[in-house]
Peer 1: 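Before I ask anything, let me first share the structure, which is written out below as structure tokens.
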Amino acid sequence: MNTDSCLLSTTYFGPVQWYQKLNRYAECWIEQHDNFVKQTYRNRCVIATTNGLQALSVPIEKYDGLKCEMKDIRISDHGNWRHLHWNALLSAYGESPFFEFLADDIRPFFERRWDYLFDFNLEITHKMCELLDIEPKIRLTEAWGEASPSLPAPHDFRDAIHPKHPLADPDFQPRRYYQVYEQKHGFQPNLSILDLLFNEGNESVLYL
């Protein structure tokens, strides 16, 4: 394990790369004071389906002004998205080796309501860590980009881990694991942690 700390943006069922940081760094600070940015892992995850990759996005309520801190972003109930996301997972992973085993742990996130996206994501993070059998030391920033002033500056991955414009991360080398649609589409790296869990179950931690 890396004895340093890292700084991460919040994620909705974040990618394997994001959970690798939780597993490998001694302390992980999750940013709650950055401004919400569209088309990032803050409110979307990417899964593998029979037709290829699919992005699932959590809708948010409109906010006043041009910017809004992540901790103040509210989840919208528009479009019956919870039902659509769960059905997408059921369709994509219903035949995967561990879907039936994990379904009861995952389904509640699509049945009850959370007001704030950050709180929702944090609950997901804790559950994913439990299923991965990892126990990261998670801290929340007290101000933008600010971990503890008494500690060295954390490694900042807030912009590096991005679905469309990732920055170089030499520490992350995707490891191939079994995927349901690999024969059809080839191995798809760095998908949502759900892809790894549904396909590898309790072996998932070996790929982080």
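Side chains included, hydrogens not; waters and symmetry mates left out as well; all remaining heavy atoms used. All of these numbers come straight from a predicted model, not from anything done at the bench.
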Peer 1: Please say whether more than 12 non-hydrogen atoms of neighbouring residues, nucleotides or ligands are located less than 6.0 Å from NZ in K137.
Peer 2: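 No - once you tally the heavy atoms of other residues, nucleotides and ligands closer than 6.0 Å, there are 12 at most.
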Peer 1: Measuring from C129:SG to I193:CD1, what's the distance to the nearest 0.5 Å?
Peer 2: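 So the gap between those two atoms works out to 8.5 Å.
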Peer 1: Can you confirm whether L208 sits close enough to L22 that some side-chain heavy atom of one is under 4.5 Å from a side-chain heavy atom of the other?
Peer 2: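 When only atoms from C-beta onward are counted, L22 and L208 do not touch, as no gap falls below 4.5 Å.
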Peer 1: For residues I60 and L84: do they belong to one hydrophobic cluster (side chain heavy atoms under 4.5 Å, members Ile, Leu, Val, Met, Phe, Trp, Tyr)?
Peer 2: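 No, it is not one cluster - the side chains of I60 and L84 are not joined through contacts under 4.5 Å.
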Peer 1: For the OH atom on Y178, are there more than 12 heavy atoms of other groups (residues, nucleotides or ligands in this structure) within a distance under 6.0 Å?
Peer 2: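 Enclosed: over 12 neighbouring heavy atoms sit under 6.0 Å from OH of Y178.
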Peer 1: Distance check, rounded to the nearest 0.5 Å: F99 atom CZ versus L89 atom CG?
Peer 2: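 Reported to 0.5 Å precision, the distance equals 6.5 Å.
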Peer 1: Before giving the answer on side-chain hydrogen bond (donor to acceptor under 3.5 Å, both in side chains), spell out for D195 and Y93 the whole-Å C-alpha distance, their side-chain angles and the decisive distance to 0.1 Å.
Peer 2: CA-CA 8 Å; D195 185 84; Y93 298 109; 2.6 Å; yes
Peer 1: Using the salt bridge (Lys or Arg N to Asp or Glu O under 4.0 Å) rule, take R113 and D77 through it: C-alpha gap first, then chi angles, then the decisive distance, then the call.
Peer 2: CA-CA 9 Å; R113 296 184 178 186; D77 289 328; 3.0 Å; yes
Peer 1: Would you name the heavy atoms of Q39 and H162 that are closest together and state the gap between them?
Peer 2: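 Nearest pair, atom of Q39 first, then H162: O-CE1, 3.7 Å.
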Peer 1: I'd like to know whether S9 forms a side chain to side chain contact (heavy atoms under 4.5 Å, CB included) with T40, so could you lay out the CA-CA distance, the side-chain angles of the two residues, the decisive distance to 0.1 Å, and finally the verdict.
Peer 2: CA-CA 10 Å; S9 295; T40 64; over 6 Å; no
Peer 1: With the side chain counted from C-beta on, respond yes when V180 and H185 share a heavy-atom pair under 4.5 Å apart, and no when they do not.
Peer 2: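 No. Closest side-chain heavy atoms not under 4.5 Å.
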Peer 1: Please test L206 against E200 for side chain to side chain contact (heavy atoms under 4.5 Å, CB included), starting from the C-alpha separation and ending with a verdict.
Peer 2: CA-CA 9 Å; L206 302 177; E200 292 291 342; over 6 Å; no
Peer 1: Set out, in order, the CA-CA distance, both residues' side-chain angles and the distance that settles ring-ring contact (aromatic ring centres under 6.0 Å, His included) for F13 and Y41, then state yes or no.
Peer 2: CA-CA 8 Å; F13 292 109; Y41 290 123; over 10 Å; no
Peer 1: Is the number of heavy atoms from other residues, nucleotides or ligands under 6.0 Å of E100 CD greater than 12?
Peer 2: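 No - once you tally the heavy atoms of other residues, nucleotides and ligands closer than 6.0 Å, there are 12 at most.
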Peer 1: Are any side-chain N or O atoms of Q32 and backbone N or O atoms of T141, one a donor and one an acceptor, separated by less than 3.5 Å?
Peer 2: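 It does hold such a pair.
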Peer 1: What's the shortest heavy-atom distance between S204 and L132, and which atoms?
Peer 2: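 In terms of heavy atoms, the two residues are closest at CB-CD2, 3.6 Å.
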Peer 1: For a quick test of reading the model, state the closest non-hydrogen atom pair linking I47 to A92 and the distance between them.
Peer 2: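 Heavy-atom minimum between the residues: CD1-CB, 4.1 Å.
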Peer 1: Ignoring hydrogens, what is the shortest heavy-atom contact between G186 and Q179? Give both atom names and the distance.
Peer 2: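 Closest approach of G186 to Q179: O-OE1, 4.1 Å.
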Peer 1: Check whether any side-chain N or O of H33 sits under 3.5 Å from a backbone N or O of E69 as a donor-acceptor pair, and report yes or no.
Peer 2: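 Not at all, since once roles are kept as given, no pair shorter than 3.5 Å links the two residues.
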Peer 1: So for atom CG, which belongs to D105, do other residues, nucleotides or ligands contribute more than 12 heavy atoms lying within a distance under 6.0 Å?
Peer 2: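 Yes, because the 6.0 Å sphere around CG of D105 holds more than 12 heavy atoms from other groups.
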Peer 1: Any side-chain heavy atom of Y207 within less than 4.5 Å of one from L196?
Peer 2: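 Of all side-chain heavy-atom pairs linking L196 with Y207, at least one is under 4.5 Å.
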Peer 1: Check the surroundings of atom CD in E182: do more than 12 heavy atoms from other residues, nucleotides or ligands lie under 6.0 Å from it?
Peer 2: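 Yes, because the 6.0 Å sphere around CD of E182 holds more than 12 heavy atoms from other groups.
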Peer 1: Would you confirm whether N190, through its side chain, and P15, through its main-chain N or O, come within 3.5 Å as a donor-acceptor pair?
Peer 2: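 No, the answer is negative, given that no donor and acceptor are paired below the 3.5 Å cut-off.
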Peer 1: After noting the C-alpha distance and the side-chain angles of R42 and Y12, does the key distance pass the side-chain hydrogen bond (donor to acceptor under 3.5 Å, both in side chains) rule?
Peer 2: CA-CA 6 Å; R42 290 170 179 83; Y12 171 64; over 6 Å; no
Peer 1: List the atom of R24, the atom of D171, and the distance in Å for their closest heavy-atom pair.
Peer 2: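 That would be NH1-O, 3.7 Å.
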Peer 1: Side-chain contact test, heavy atoms from C-beta onward, threshold under 4.5 Å: evaluate it for F98 versus L197 and give yes or no.
Peer 2: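 A side-chain contact under 4.5 Å is absent here.
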Peer 1: Using the rule that two of Ile, Leu, Val, Met, Phe, Trp, Tyr join whenever any of their side-chain heavy atoms come within less than 4.5 Å, decide whether L117 and L140 are in one cluster.
Peer 2: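 Linked within one cluster.
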Peer 1: Quick one: pull up CG in L194 and CD1 in I124 and give me the separation to the nearest 0.5 Å.
Peer 2: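 These two atoms lie 8.0 Å from each other.
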Peer 1: Hey, what's the ring geometry for F110 with W86, parallel, tilted or perpendicular (30° and 60° as the breaks)?
Peer 2: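 Judged by the thresholds at 30° and 60°, the geometry between F110 and W86 is tilted.
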Peer 1: Is I75 close to R82 at the side-chain level, that is, under 4.5 Å between some pair of heavy atoms?
Peer 2: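 The answer is yes; the side chains approach within 4.5 Å.
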Peer 1: Is there a chain of hydrophobic side chains (I, L, V, M, F, W, Y, each step under 4.5 Å between heavy atoms) that links V37 to Y116?
Peer 2: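 No, because V37 and Y116 fall into different hydrophobic clusters, even though each may have its own neighbours under 4.5 Å.
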Peer 1: Taking atom CD of E111 as the centre, report whether more than 12 heavy atoms of other residues, nucleotides or ligands fall under 6.0 Å from it.
Peer 2: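 Result for CD/E111: enclosed.
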Peer 1: May I ask you to check whether W114 and F109 place their ring centres under 6.0 Å from each other?
Peer 2: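 So the answer is yes for these two rings.
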Peer 1: Pair F198, I106 - check side chain to side chain contact (heavy atoms under 4.5 Å, CB included), show working.
Peer 2: CA-CA 10 Å; F198 287 145; I106 308 299; 4.2 Å; yes
Peer 1: Within the distance-only criterion (no hydrogens, no angle test), does the side chain of T125 pair as donor or acceptor with the backbone N or O of N121 below 3.5 angstrom?
Peer 2: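 Answer holds: yes.
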Peer 1: Kindly indicate, with the supporting measurements, whether the criterion side chain to side chain contact (heavy atoms under 4.5 Å, CB included) is fulfilled by I134 and N23.
Peer 2: CA-CA 6 Å; I134 63 175; N23 187 45; 3.2 Å; yes
Peer 1: What is the distance from atom OH of Y63 to atom CD1 of I73, rounded to the nearest 0.5 Å?
Peer 2: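 Here the interatomic distance stands at 5.5 Å.
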Peer 1: Which pair of heavy atoms, one from I30 and one from F118, lies closest together, and at what distance?
Peer 2: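 The answer is CG2-CE1, 3.9 Å.
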Peer 1: Measure the spacing between CG of N43 and CE of M70 and express it to the nearest 0.5 Å.
Peer 2: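 If I round to the nearest 0.5 Å, the distance is 7.0 Å.
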Peer 1: Find out whether K21 and I161 are in side-chain contact, i.e. whether some heavy atom of one side chain is under 4.5 Å from a heavy atom of the other.
Peer 2: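 Yes, their side chains come closer than 4.5 Å.
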Peer 1: Indicate yes or no: at least one non-hydrogen side-chain atom of V16 is less than 4.5 angstrom from one of R175.
Peer 2: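 When only atoms from C-beta onward are counted, R175 and V16 do not touch, as no gap falls below 4.5 Å.
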Peer 1: Between V205 and D133, is there a side-chain heavy-atom distance shorter than 4.5 Å?
Peer 2: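 No, their side chains stay 4.5 Å or more apart.
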Peer 1: Is there a chain of hydrophobic side chains (I, L, V, M, F, W, Y, each step under 4.5 Å between heavy atoms) that links M128 to L102?
Peer 2: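 Yes, M128 and L102 fall within the same hydrophobic cluster.
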Peer 1: Might you work through the ring-ring contact (aromatic ring centres under 6.0 Å, His included) test for F157 and F172, ending with a clear yes or no?
Peer 2: CA-CA 11 Å; F157 295 105; F172 178 66; over 10 Å; no
Peer 1: Nearest 0.5 angstrom please: C28 SG to H155 NE2, how far?
Peer 2: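 These two atoms lie 11.0 Å from each other.
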Peer 1: Is it true that F120 and L122 fall in one hydrophobic cluster, defined by side-chain heavy atoms closer than 4.5 Å?
Peer 2: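 Yes.
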